[in-house]
Amino acid sequence: MKKYISTIVLVSIIGGIVINLISQRDTGLKKYISFVVGLIYAIVFISPIVSIVQNTDVLSENISNMLSQVIDTDKIDKTNQIIVASSVDKICDGIKKAIINEYNFKEDSVQVSAIIDDKNLQAIVIDKIEITLLNEATWYDGDKVKSYVTDLVGCKVEVHKI
């Protein structure tokens, strides 16, 4: 850009000097010299556009390289996986707290895990909730817990007792 501006300034100064010198001596040549200097101005002004058009392959390759660095699909997929895993953990914690509050179980007597549709990382789709009842919670009716969680979440629920 610096070179371009200095070229424009240089052509303007030289063109102005030449037109001024010629106009003082011969007015007939002034027209032709003004035309030639105008052509030189036009060439100088158009030269960046010509170089861009000539280098479109290089320019498009540079743009695609820059975009591929900015948009790294592997990083996006890893980020989505982290977000989905974190969200599923929060959902499982919420279900666990709901079960503990509903049935007055102790904290360590319920485990909840979720199986998700991992083909679609744009949305969290829970295929199944697995609940494991431990310790004194195993005495409680697992079908009631299953029914409660099914109504709460609306997906397939399995209850295991250990």
Test log, rule side chain to side chain contact (heavy atoms under 4.5 Å, CB included), inputs N104 and I100: CA-CA 5 Å; N104 294 321; I100 290 170; over 6 Å; no
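- If you chain together hydrophobic residues whose side chains sit under 4.5 Å apart, I17 and V9 fall into the same group.
- Taking 4.5 Å as the limit, some side-chain heavy atom of I99 sits within range of a side-chain heavy atom of V145.
- Atom CD1 of I115 and atom NZ of K156 lie 8.5 Å apart (nearest 0.5 Å).
- Cluster annotation: I14 and I40 are assigned to the same hydrophobic cluster (Ile/Leu/Val/Met/Phe/Trp/Tyr, side-chain heavy-atom contacts under 4.5 Å, transitive).
- Y41 is connected to L10 through a chain of hydrophobic side-chain contacts under 4.5 Å among Ile, Leu, Val, Met, Phe, Trp and Tyr, so both are in one cluster.
- Nearest approach of T150 to C155, heavy atoms of both residues: CG2-O, 3.9 Å.
- Between I162 and T138, the closest side-chain pair of non-hydrogen atoms is not below 4.5 Å.
- Here the side chains of V153 and I95 are in contact, with some heavy-atom distance below 4.5 Å.
- Between Y103 and Y140, the two ring planes are tilted [angle within 30° to 60°].
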Worked check of side chain to side chain contact (heavy atoms under 4.5 Å, CB included) between L133 and V159: CA-CA 7 Å; L133 300 177; V159 176; 3.8 Å; yes
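- Summarising the geometry, atom NE2 belonging to H160 is positioned 7.5 Å from atom OG belonging to S113; distances are rounded to the nearest 0.5 Å.
- The hydrophobic cluster containing I131 does not contain L134, counting ILVMFWY residues as joined when their side-chain heavy atoms lie under 4.5 angstrom apart, directly or transitively.
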Worked verdict on E130 versus Q111 for side chain to side chain contact (heavy atoms under 4.5 Å, CB included): CA-CA 8 Å; E130 293 184 345; Q111 293 176 345; over 6 Å; no
Side chain to side chain contact (heavy atoms under 4.5 Å, CB included) between E136 and S109, intermediate numbers included: CA-CA 7 Å; E136 74 277 352; S109 62; 3.9 Å; yes
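- Within 6.0 Å of NZ on K144 lie no more than 12 heavy atoms contributed by other residues, nucleotides or ligands.
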Salt bridge (Lys or Arg N to Asp or Glu O under 4.0 Å) between K146 and E158, worked out: CA-CA 7 Å; K146 178 179 179 178; E158 287 185 6; over 6 Å; no
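- In this structure, the side chain of N135 does not engage the main chain of A137 through any donor-acceptor pair within 3.5 Å.
- Looking at D93, T132, I129, V157 one by one, the single match for side chain to side chain contact (heavy atoms under 4.5 Å, CB included) with V112 turns out to be I129.
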